[in-house]
Every structure is written in C-alpha cells, then in structure tokens.
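Some notes on the structure that comes next.
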Amino acid sequence: MADITLTLPDGAERVVPRGTTGAEVAAAIGPGLAKAALAIRVDGEEQDLSRAIDDDASIEIVTVRSPGALELIRHDAAHVMAQAVQELYPGTQITFGPATEDGFYYDFVRDEPFSPEDFERIEARMREIVARDLPIVREEWEPEQAIEYFKGIGETYKAEWVAEIAKRGEPISVYRQGDKWLDLCLGPHLPSTGKLPKAFKLMKVAGAYWRGDSRNEMLQRIYGTAWSNEKELADYLHRLEEAERRDHRRLGREMDLFHLQEEAVGSVFWHPKGWTLYLTVENYIRDRLAATGYVEVKTPMLVDRVLWEQSGHWEKFADAMFTAHPRSAEARKSEGERVLAIKPMNCPCHVQIFRQGIKSYRDLPLRMAEFGSCHRFEPSGALHGIMRVRAFTQDDAHIFCTEDQITSETAAFCELLLGVYRDFGFTDVVVKFSDRPATRAGSDEIWDRAEAALRDAVAAVGLETILNPGEGAFYGPKLEFVLRDAIGRDWQCGTLQVDFVLPERLDASYVGEDGGRHRPVMLHRAILGSFERFIGILIEQYAGAFPLWLAPVQVVIATITNDGDAYAREVADTLSVAGLRCVLDLSNEKIGYKVRHHSLAKVPVILAIGRREAEERTVAMRRLGSSAQESLALEDVRARLKAEAQAPSKTATGE
RNA sequence: GCCGGCGUAGCUCAGUCGGUAGAGCAACUGAUUUGUAAUCAGUGGGUCGUGGGUUCGAUUCCUGCCGCCGGCACCA
C-alpha cells in the first residue's frame, strides 16, 4: 500500500499510508487534537473523521473553534433531537432536519401536536443521548435495501426520499447513532453523540409543508438553537431578548407612532408622531428623486379591471386584488357593471401617462415617480406588524428607456439607493440577483440581453450580489435589496426589475432617431419599497432612538421651576421658527422626572431651563444617552440644532 | 391560506376548581416650586375579543367566528 502526503494548514506535510482516516491523522498529530476533533476538511470538503483518505490532499482537522463547526454541531443536534423524539414518542416519523443560520430544526410526522411543554422532556432526553456517547457511523446502502428498511419501520417519508435520491443516481448514505437508531443523511457528522456540546435549547414548534409545497401535508417542525458552549448560548438568548425590545410593533405602541386594529386589518393608523416620521422620510426621498432627474405623478386608486387584464396582472393576481363598485344598483346599471380594482401597483397607470402624446427618443430616459398607495389582499398568515400589510405606499418609479440605457440607468439607480440607505444608517445591504424563472415571457435572447445589462450595471457600481436562481419576475430579471429586522428576519425593500413585457402589452412606444416606432424598456424600481416596511425597519434599526433629523419630537424644553416659564416659551418659539419639532414641558414635576420621562420617550435633545438660564438667556442641553450637560446661549443652540436637524438631502445641496 | 399557541383596564400581568374582577405603571385632579432617569396624596377606567350552547347563573366549561403571535406557503 503506497503512502500519501497530507498538507496541514500550517504548511507542514505528513506522509501516511493510503486509506488513513481523519481520526488517525488527528491522533498522530496529538492526543489533544484527537479528542477535540469533530470532522476533517479534505481539500476544503468537510468529511467524517472515519472516512479513509485515499490521495494526497491538504487537510484540516475541524474542532469546536473552526469556522463551520457550528453548522456541524447544529446538524448533529437535529439528529440527536430526532432520536430523542422518536424514543419518547414512538410512532413519530422523521423527515428532514438541517442546520439553520443560528440553530437547527427537524420536521416530524405525528398525529398529536407537539407543544412547548414537551421541550423540557425532549431536551433532557437529548442530554441523555449525548451522555451515552453513541458512536455515529456512516454506511452506504443499496436503494432497495433502504426503501425496504424504512418502509418496514413505517418511515414512509424517508422511503419516498430514498427513491428520489436513487432516481438521481446518488449514493444512499445512512448514519447509525448507536445500535438502535439511524437516519438517512448526507453527513458529515461528529464521530459520536458525546462530542455534541450540551449548549442547545429547543425554541418553538411550527407547521411546515412536506418538501416546502403547500399542496402537501403539514409536518410538525421543532426549532432549536445550538452553540459550542453555554456562554454562547446564553449570549444568543440575551440577543433575542434585546431584539424583542426593538420590535417595531412594541416601539410603535410605546412611542405612540401608529396602531393597527381589527376593523382595518393590514392597514396602518398613523398617529401624529408616526406620521411626522413618515413625512420626513417621504420629503427626504422626494428631494433625492428631484435631484436625480425624476418627475413625480399621481395616478388613480380605482382603475377598471380591463387595464389589469391587459397588463396581465388580473390573470395572475386577481385573487389578491380588491375590487370596488358603487353601492347603488342604479349607478351600477348606468356604469355598465364595470368592475373597478383598487390598484395593487402603479406601473399600468404610469404607462397610461407615458402614452399621452407622442414620445420621442429625446424624452428618454423618462423617470416617472409616484408615492403610490396600493392595496393587495395579502394572505392572513403573511401579515406582520407594519412590515407586511394590505395597504401600503411605495416610493415607486418607472424608468422608460432604451435598451442601451439599461446599464447606465441601473448603475445610477444603485448609486442613488446605496446613498439613501447610507443616509438612514444601513451599510450592510444584501443584494440578490434574481434571474430568469422557468415560466417567463420574452425570448431567451431578450433575457440574455436583460440579464447582461443588469450584470454590467452591478459590476459598474461594484456591488456584490447573491444569485437567486430562477426567482426573477416573469417579465424580467431583478435586483432585490434586502434589509434585516431586529429579530433576524429579512425583508426586501429596494428592487429593480427590467421589463420588456409591459410596454408591449400596454402598447407603449416612442419615435426613434430613425423616425420609426419602438418599444421602450421599463425599469420598475423602488428604494425604500413600502414606506410602512421601511419605517418598521428604521424603527428597529435605531431602536426608536432616531437621529435628530428623523426624530418626531426633536427637542423638549423642560422647566425646572415656573420662574422660567416665560423664557422657556421664548426658547420653544425660537426653535420652532427655526423649523425644529419642539415640545414645551411646563408641567409641575421635578426636573429629574422630566428628564426620565422624555429620555424614555427617546427624545434626542432635552433643554432644561431654570432661573439661572432665564436670567442668562442660556439653556442646559442634554443629549439622549448621555448624562452630560452643556450650557449654551440660546442663539448657539438654535444654530447648532438647526444645522444638525437638516435632512441629508438638504445638507448635500448646501441649503 | 395551513399548523400550533394566545386574547382580562392604555401597557405589563394576576384572578375566578362557574356566583359579573384586581395590582403596578400610565392617565386625570390636588398639594408641592423642585437643578438633570420616578415628590406625595387622591380619582376615574374593564359587556374579561365576539356570536352561540350547557347552566338558576358563564369572564371561567363546550363550540363557531374574528384578531394577534410563531413558523410554513405566498409576496406583481
């Protein structure tokens, strides 16, 4: 048997007999490493320690501290949980159980529902299985053998899955965990259950469709989290608690920004403070659009269904649309029973404006923006605070352009978007590139061109994207700009979609240089996406403690004794005239109470005024989050706060 | 929409093994004139999500519906 050469991460080489296992290599390097070893990476590919290595390779022993170790641990935790559940609840079937971003889940089939009360029992059994230190051994089975075995023990889902894998011609690998339990799995796995750190916790039960298809039966999914040690677990649980405090639904109520109620499910009641925030955001984005060559329009809320039929939306989304008609039978008769749809989007209306009069190539690109209110009948289970609602407003725009202009328009848009996100404090933006879906309109050649144009633009801006294969719109590829909420959920905010289809269906055209008629391309684009969603994320991003320009109440002027009342009024007037949003607190409370009260309300600036300030015509300024005080002349405060409270869209133009 | 959980005052929650409910905070009123994260006292506030059933009697038990929460599916 010939020897092979293994290269360690530090560059050292080891010559070992062909067929040496990862465990043996680890042991040869040192007993400490052998004990800590969880898996081995062979030429970058993670494998079981028990696998024989047959060729020269660069290797790395994976321990708890290795990057990627958590994924291994979580995957094993899923299996240990599955074993625990099957031991405790005989007759339960197992299906899939992968690692997730911060934990794992396993999907079970069982008539009785699991409840969180079961968790303690399952966790205890999991710890017991870890204590048993069961060896985890990989085997390769013949498909027939596996199908027969799983059918024999009543695991019909596993049997179905084996058949699927076999059809693809892939090997069937099975992992034994002890001598009584096994699971179909790709691996890799830890060498034994004893290697699994006991820093895991079951978190929630939920339904999930078999193989992610809503036509299939619903399974019971148990979610857990797992970490390499107790401290990491505790930190994680602590982070979750912190995140809960930032939840926009909670802050929206506590800060009196908005509310939702049963009589208008999925629609937001904006309170004065929330609406101030909303208008601040809207005015900011309006400035940005005006500065980058957009024109703003406003289109009807109620539009005859024939337009939606023409655009193709009726066919695909009719069930998700609201319709309206006059209450009076007489009116309905005279109107010819026409069905009006409450607009679910703005694009067909924008095309109607584009179609008024003859457009020349000189008019392109035409960037048409609208703060358009849309209504969609979102499935009840999808509603979530103000992040996913049935009535929302987008900072929507459609850029009518030539095919040659797609790249430059996209690049300009990406730059605008990133600048806007930066102004709101978002620097980590995930951008997904969604390419052609299986069912689509338009020729492959058109798709090639659209995708290439989009790719060029992204490259021009130096944007990193994640490919989201097959997730494009039916009419064109798209970019999705994704922000994350406090609880770790991702939300699409910005988007850019290249569309060759709607201009055709709605017959938009322009006269080209050649004097002939041509179809424009439409770029559907939004930066914030829905104001509702974006503001929800904004609330969580700042945990309600907004920078001065966004804060609904920017300054509280609080008196210490009522000797200062008259002067405090003057301060409030001065600042209000300067455009600052002020609240005057002359209430009969101690200054300590007022400071606490307004600090909890997350007001960025508190100006305290007592007898001394009134005499000297100064204020004592205190910023949120700091207990330091600064004594300033009234005129200085006015100038300073006014400058600081300018929206970034104003400061950039030097106003 | 599907699976599971939940629904008592503005908020957070207690309570009733079936006899129409209570605390803290908030709010309001009064006293206090106060120097940077809670001054004291008093007052008001709930068809116990909603419809039906069982019962002498339901907020409590059963059930339909609505909403919310967590996932899944969906997201033009």
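Atoms considered below: every heavy atom in the structure, side chains included; atoms not considered: hydrogens, waters and symmetry mates. No experiment lies behind these values; they were computed from the predicted model shown.
Remark: the separation of the C1' atoms in B/A21 and B/A37 is 34 Å, to the nearest Å. Spacing between B/A14 and B/C6 at atom P, rounded to whole Å, works out to 13 Å. One C1' atom belongs to B/G52, the other to B/C66, and the distance between them is 14 Å to the nearest Å. With both ends at atom C1', the span from B/G10 to B/U54 equals 35 Å, rounded to whole Å. B/G46 and B/U8 are spaced 8 Å apart, taking the C1' atom of each and rounding to whole Å. The same atom, P, is picked in B/G71 and in B/G19; the two are 38 Å apart, to the nearest Å. If you take atom C1' in B/C25 and the same atom in B/A9, they sit 12 Å apart, rounded to whole Å. The separation of B/U12 from B/G49, taken at their P atoms, amounts to 15 Å, rounded to a whole angstrom.
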What donor-acceptor contacts under 3.5 angstrom involve side-chain atoms of residues 312-321 of chain A, with partners at least two apart or in another chain?
residue: A/H313; atom: ND1; partner: A/S311; partner atom: OG; Å: 2.7

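In this structure, the salt bridge (Lys or Arg N to Asp or Glu O under 4.0 Å) partners of A/E254, at least two apart in sequence or on a different chain, are A/R250. Partners of A/Y475 by ring pair (Phe, Tyr, Trp, His ring centres under 6.0 Å), not counting sequence neighbours, listed by chain and number: A/H524. Residues satisfying the side-chain hydrogen bond (donor to acceptor under 3.5 Å, both in side chains) criterion with A/D636, sequence neighbours excluded, are absent altogether. Partners of A/F474 under the ring pair (Phe, Tyr, Trp, His ring centres under 6.0 Å) rule, at least two apart in sequence or in another chain, do not exist in this structure. Every residue meeting the salt bridge (Lys or Arg N to Asp or Glu O under 4.0 Å) condition with A/R367, not counting sequence neighbours, appears here in chain and number order: A/E409. Contacts of A/D507 classified as salt bridge (Lys or Arg N to Asp or Glu O under 4.0 Å), with partners at least two apart in sequence or in another chain: A/R355, A/R519.
Ring planes of A/F354 and A/F400: parallel class, angle under 30° (limits at 30 and 60°). Note on ring orientation: taking the six-membered ring where Trp is involved, the planes of A/F377 and A/F322 are perpendicular (angle over 60°, cut-offs 30° and 60°).
The CZ atom of A/R211 sits 19 Å away from the C1' atom of B/C2 (whole-angstrom rounding). What separates CZ of A/R250 from P of B/U12 is a distance of 8 Å, to the nearest Å. The distance between atom NZ of A/K594 and atom P of B/U33, rounded to the nearest whole Å, is 14 Å. Separating the NE2 atom of A/H259 from the P atom of B/G10 is a distance of 13 Å, rounded to the nearest angstrom. Per the geometry, CD1 belonging to A/I222 stands 13 Å off C1' belonging to B/C3, to the nearest Å. As rounded to whole Å, 13 Å separates atom C1' of B/U36 from atom CG of A/D585. Distance CG (A/L251) to P (B/U12): 13 Å, rounded to an integer number of Å. Here B/U50 presents its P atom at 12 Å from CD of A/E263, a figure rounded to the nearest Å.
Using a 4.0 Å heavy-atom cutoff across all strands shown, A/A620 reaches at least one base atom of the nucleic acid. Using a 4.0 Å heavy-atom distance criterion, A/I606 is classed as making no nucleic acid contact. Nucleic acid contact for A/E217: none, since no nucleic acid atom lies under 4.0 Å from a heavy atom of the residue.
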ask   = How does protein contact run along nucleotides 65-76 of chain B, one letter per nucleotide 5' to 3', with B for base contact, S for sugar-phosphate only, - for none, heavy atoms under 4.0 Å?
value = -BSSSBBBBBBB
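Of the candidates B/U34, B/G4, B/U36, B/U34 carries the atom nearest the A/T561 side chain, counting heavy atoms from C-beta on.
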ask   = Using Watson-Crick and G-U wobble pairs with both distances under 3.5 Å, what is the 5'-to-3' dot-bracket string of RNA chain B, with [ ] for crossing pairs and | for pairs outside the strand?
value = (((((((..((((.....[..)))).(((((.......))))).....(((((..]....))))))))))))....
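A ring pair (Phe, Tyr, Trp, His ring centres under 6.0 Å) check over residues 477-496 of chain A, counting only residues at least two apart or in different chains, returns the pairs A/H384-A/W491. The stretch residues 623-632 of chain A participates, sequence neighbours left out, in these salt bridge (Lys or Arg N to Asp or Glu O under 4.0 Å) pairs: A/R623-A/E644, A/E630-A/R640.
Contact annotation: A/R611 does not reach the phosphate of B/U33 (side-chain N/O to OP1 or OP2, under 4.0 Å).
Between A/Q352 and A/T299, the side chains place no donor N or O within less than 3.5 Å of an acceptor N or O (distance only, hydrogens not considered).
The aromatic ring centroids of A/Y89 and A/F108 lie 6.0 Å or more from each other.
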N/O-N/O pairs, protein side and nucleotides 24-31 of chain B side, under 3.5 Å:
none

